[in-house]
Visitor: 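Dropping a structure here in structure tokens format, bear with me for questions.
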Amino acid sequence: MLLLQIDTAFIIEKILLITVILLGSLGIAMYLTWAERKVAAVMQDRIGPARAGIFGLLQPLADGGKLFFKEEIIPDRSTRTLFILGPALAMLTALMTSAVVPWGPDITLENGSVIRLQVADISIGILFIFGVVSLGVYGVMLGGWASNNKFSLLSSIRAASQAISYELAMGLSLVAVLMMTGSLSLREIVEQQHGFWDGYFTWNFFKQPLGFLIFLICAFAELNRAPFDLPECESELNMGYHQEYSSMKLGFYLFAEYINLFVSSAVIITLFFGGYNFPFMDKVAGAASPIVFSLICVLIFLTKIICCILFFMFIRWTLPRFRYDQLMRLGWKSLIPLALFNMVVTGAAILWIFK
Amino acid sequence: MPIQYYLFLSLALFCIGIMGTLMRRNAIIVFMCIELMLNAVNLLMVAFSKMYNDASAQIFVFFIMVVAAAEVAVGLAVIVMMYRKVHSVDINILNRLKH
Amino acid sequence: MSTYEILFWFLTVMALSCALGVILSRNPVNSVLFLIATFFAISGHYVLMNAQFLAIVNIIVYAGAIMVLFLFVIMLMNLNADTEPQKNRLVQFAGVISGGALFLVVLAALRTSSVNMLEQSPTDIGLIKNLGKTLFTQFVLPFEISSVLFLSAMIGAVVIGKKEEAVSEVKQ
């Protein structure tokens, strides 16, 4: 099997890349908690966290420290193994998705060797993301069930049915995009969106606005974020599926949520907003050395991701929560037919107009 | 890797599935064992597809998955209905259908 | 031993032990988790045989959708080890014997068959491009029929779920 004949340099390169991405997404997730509180404060005309450090910048560290030193309680009547497995799975699936996201263009060094800013360029990148996302629901389900608490159970059942319902519309909206790109590899999809203007807008957002809208709504639902945060709505279910959790296990659930937010923003940017591409990138590529150019690309990508995350946060603090039947009606009766319609229109356009 | 290894592996999985269906009385576990048997067949299909370098067998795996998914949708609905009626998932209770 | 062989044996042992876990564990939730692990092992085998697309579809369809439904139903009914139906020792014994007998018979029949080696060269028949071409040219009619099957299963599930409610309302 040729796939497995790999050399040490390759392994070291990948391990370094994985470490950087993992630490990076953990660090960003940490500061997302801070950003969320600041955004909430701004929207509600408050100051927000301001005590720990300047602008409250040390607040995430203080929160993390607090969670670490809290007493760890495992409820007496819970299923112990699954109770521990729940948050672990949530964290695992949150971190796994970032493996196929291309973070920047290849760096060609002077001696001809190429450094790829992507952990794994597999030909079925999008399907990999789908697989991991569909596994993400297990963390919530198992944790909620193992807690042996009515509210947790209700919440985990809600989470599961919500995730299954919205996965369908998500997949269907993506099919239209894939029909345009003709590839499942994320790297290829990004490279097709090279630059910004090439006689037409290259970014998929301009080719598939409806698909993007459906995908975005489904992303909100998959992330369990407001206005679709029914699995953890305080007014009905106390705290939702992590009701019985304490200490760092609770921290894992909360953290996984923010990592998911970060990674899914990265996926949205990759699919619809050109990933690391930006206008006039060819001129910049001509002027700067390859490494500097790659760094600029990565920074642009991160900026886009942060804009996307801010959008998610604004929505959260603006819109009220859906009712559960409204959520299901939106998913099954509006989004899925709309996605199917989008798919048919795209297919017809490819067949008759762009051929 | 000899094709025999894959044959024996999927045979063993299939027989574990059969044992499960015969041993257990919980309808859901019986159902899961049927899924296991279908998967054992899928594994063998993929091994043969690799051996003959032919994609048809992999297409058949798709169709098996389709059938499995359809079966699960209907089967689980039946099990839920059964539970609502008799408050148990014991398949022996289905004997009552005779009366 | 090459990396390929190590992976093969690891996945084989994992698949078999998890499959045994499915039928031996008392708690249905544990059975579901063992079955998911079995599916992962089988997907690993698919990757080893260069069928990446099937591997990921296997995970999406089985682990991501079907098993979630199973878990969902088990949680809704609140099944656990206590509600597990008690089984007859004799029936259990008979099940093991008949399953084992089948295994031995087929094993004996296949033992002497000629040995075909699976080449370990990368092939591209498992790629989505080739599979799609085969599916939509050679197998397009079965594909359409299976979509009808899906639709009828969906309607069937809805009808089974609905009917009971109407009947119980009438009774009340």
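Chain letters run A, B, ... following the sequence lines, proteins first and then strands; every chain starts at 1. Values in this document were obtained by computation on a predicted structure and should not be read as measured data.
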Visitor: For the aromatic rings, using the six-membered ring if either is Trp, is the centroid distance between Phe70(C) and Phe31(B) under 6.0 Å?
Guide: yes
Visitor: Report the C-alpha distance between Phe103(C) and Phe8(B) in whole Å, list the side-chain angles of each, state the deciding distance to 0.1 Å, and finish with yes or no for ring pair (Phe, Tyr, Trp, His ring centres under 6.0 Å).
Guide: CA-CA 9 Å; Phe103(C) 180 70; Phe8(B) 296 150; 7.9 Å; no
Visitor: What part of Ser31(C) gets closer than 4.5 Å to chain B, counting heavy atoms only: side chain, backbone, both or neither?
Guide: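 Contact with chain B: backbone and side chain both.
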Visitor: Which atoms of Asp54(B) come close to chain C, meaning under 4.5 Å heavy atom to heavy atom: side chain ones, backbone ones, both, or neither?
Guide: backbone
Visitor: Please flag which part of Tyr62(C) lies under 4.5 Å from any non-hydrogen atom of chain B: side chain, backbone, both or neither.
Guide: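 Contact with chain B involves the side chain of Tyr62(C) alone.
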Visitor: Among Ala73(B), Ser10(B), Ala12(B), who wins on heavy-atom pairs under 4.5 Å with chain C?
Guide: Ala12(B)
Visitor: Below 4.5 Å, heavy-atom pairs only: which of Leu76(B), Leu7(B), Val78(B) has the largest tally toward chain C?
Guide: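 Among Leu76(B), Leu7(B), Val78(B), the one with the most close pairs to chain C is Leu76(B).
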Visitor: Are the side chains of Met23(B) and Val96(C) in contact, using a 4.5 Å heavy-atom criterion?
Guide: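 A side-chain contact exists here, since the closest heavy-atom pair is under 4.5 Å.
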Visitor: Would you mind checking which part of Leu22(B) comes under 4.5 Å of any heavy atom in chain C, side chain (CB onward), backbone (N, CA, C, O), both or neither?
Guide: both
Visitor: Kindly give the heavy-atom pair with the smallest separation between Phe39(C) and Ala63(C), and that separation in Å.
Guide: CD1-N, 4.5 Å
Visitor: Can you tell which part of Ser56(B) gets under 4.5 Å to a heavy atom of chain C, answering side chain, backbone, both or neither?
Guide: both
Visitor: Heavy-atom distances under 4.5 Å only: say whether Phe8(C) touches chain B with side chain, backbone, both or neither.
Guide: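 Phe8(C) touches chain B through side-chain heavy atoms alone.
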Visitor: Looking at chain C, which one of Val74(B), Ile18(B), Thr21(B), Leu43(B) has the largest number of heavy-atom pairs inside 4.5 Å, strictly under?
Guide: Leu43(B)
Visitor: Is there side-chain contact between Ser43(C) and Asn58(C), with heavy atoms separated by less than 4.5 Å?
Guide: yes
Visitor: State, with a plain yes or no, whether a side-chain heavy atom of Val91(C) is found less than 4.5 Å away from one of Arg25(B).
Guide: no
Visitor: Considering only heavy atoms, which portion of Val72(B) lies under 4.5 Å from any heavy atom of chain C: side chain, backbone, both, or neither?
Guide: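 Just its side chain gets close to chain C.
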Visitor: Between Leu69(C), Leu16(C), Val57(C), who has the most heavy-atom pairs with chain B when the cutoff is under 4.5 Å?
Guide: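 Result: the option with the highest number of such pairs is Leu16(C).
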Visitor: Relative to chain C, which of Cys33(B), Ala77(B), Cys15(B) shows the most heavy atom pairs under 4.5 Å?
Guide: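 So the answer, after comparing Cys33(B), Ala77(B), Cys15(B), is Cys15(B).
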Visitor: Heavy-atom distances under 4.5 Å only: say whether Val80(B) touches chain C with side chain, backbone, both or neither.
Guide: both
Visitor: Would you please classify the geometry between the Phe60(B) ring and the Phe63(B) ring as parallel, tilted or perpendicular, with 30° and 60° separating the classes?
Guide: perpendicular
Visitor: Chain C: which of Asn39(B), Asn42(B), Val46(B), Ile28(B) shares the most heavy-atom pairs with it under 4.5 Å?
Guide: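 Highest number of pairs under 4.5 Å: Asn39(B).
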Visitor: Ala57(B) and Met45(B): which non-hydrogen atoms are nearest, and at how many Å?
Guide: CB-O, 3.4 Å
Visitor: Tell me, for Leu35(C) versus chain B, whether the close heavy atoms (under 4.5 Å) come from the side chain, the backbone, both or neither.
Guide: side chain
Visitor: Report the option among Val61(C), Val73(C), Val106(C), Leu54(C) that has the most heavy-atom pairs separated by less than 4.5 Å from atoms of chain B.
Guide: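 Between Val61(C), Val73(C), Val106(C), Leu54(C), the count favours Leu54(C).
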Visitor: Which label fits His45(C) and Tyr6(B): parallel for a plane angle under 30°, tilted from 30 to 60°, or perpendicular past 60°?
Guide: perpendicular
Visitor: Against chain C, label Leu13(B) side chain, backbone, both or neither, depending on which of its atoms sit under 4.5 Å from a heavy atom there.
Guide: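 It is both, since atoms from each part get that close.
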Visitor: Using non-hydrogen atoms only, which part of Phe93(C) is less than 4.5 Å away from chain B: side chain, backbone, both, or neither?
Guide: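 Neither part; nothing is under 4.5 Å.
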Visitor: Where is the tightest heavy-atom contact between Met49(C) and Ala47(B), given as atom of each residue plus distance?
Guide: SD-CA, 3.4 Å
Visitor: Among Leu102(C), Ile97(C), Ile42(C), single out the residue with the greatest number of heavy-atom pairs under 4.5 Å to chain B.
Guide: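 When all of Leu102(C), Ile97(C), Ile42(C) are compared, Ile42(C) has the most.
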Visitor: With respect to chain B, which residue among Leu76(C), Thr12(C), Thr38(C) yields the maximal number of heavy-atom pairs within a distance under 4.5 Å?
Guide: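 So the answer, after comparing Leu76(C), Thr12(C), Thr38(C), is Thr12(C).
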Visitor: Counting only pairs under 3.5 Å, give me each side-chain donor-acceptor contact of residues 17-24 of chain C, with atom names and distances, residues two or more places apart or in other chains.
Guide:
{"unit_1": "Ser17(C)", "atom_1": "OG", "unit_2": "Val13(C)", "atom_2": "O", "d": "2.7"}
{"unit_1": "Ser17(C)", "atom_1": "OG", "unit_2": "Met14(C)", "atom_2": "O", "d": "3.2"}

Visitor: Run the side-chain donor-acceptor check on residues 142-154 of chain C: report pairs under 3.5 Å with partners two or more places apart or on a different chain.
Guide:
{"unit_1": "Ser146(C)", "atom_1": "OG", "unit_2": "Pro142(C)", "atom_2": "O", "d": "3.4"}
{"unit_1": "Ser146(C)", "atom_1": "OG", "unit_2": "Phe143(C)", "atom_2": "O", "d": "2.7"}
{"unit_1": "Ser147(C)", "atom_1": "OG", "unit_2": "Glu144(C)", "atom_2": "O", "d": "2.5"}
{"unit_1": "Ser152(C)", "atom_1": "OG", "unit_2": "Val148(C)", "atom_2": "O", "d": "3.2"}
{"unit_1": "Ser152(C)", "atom_1": "OG", "unit_2": "Leu149(C)", "atom_2": "O", "d": "2.7"}

Visitor: Identify the two heavy atoms, one from Pro28(C) and one from Ile74(C), that lie closest to each other, and give their separation to 0.1 Å.
Guide: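 Here Pro28(C) and Ile74(C) meet closest at CB-CD1, 3.8 Å.
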Visitor: Side chain from CB out, backbone as N, CA, C, O: work out which of these in Val30(B) comes under 4.5 Å of a heavy atom of chain C, or both, or neither.
Guide: neither
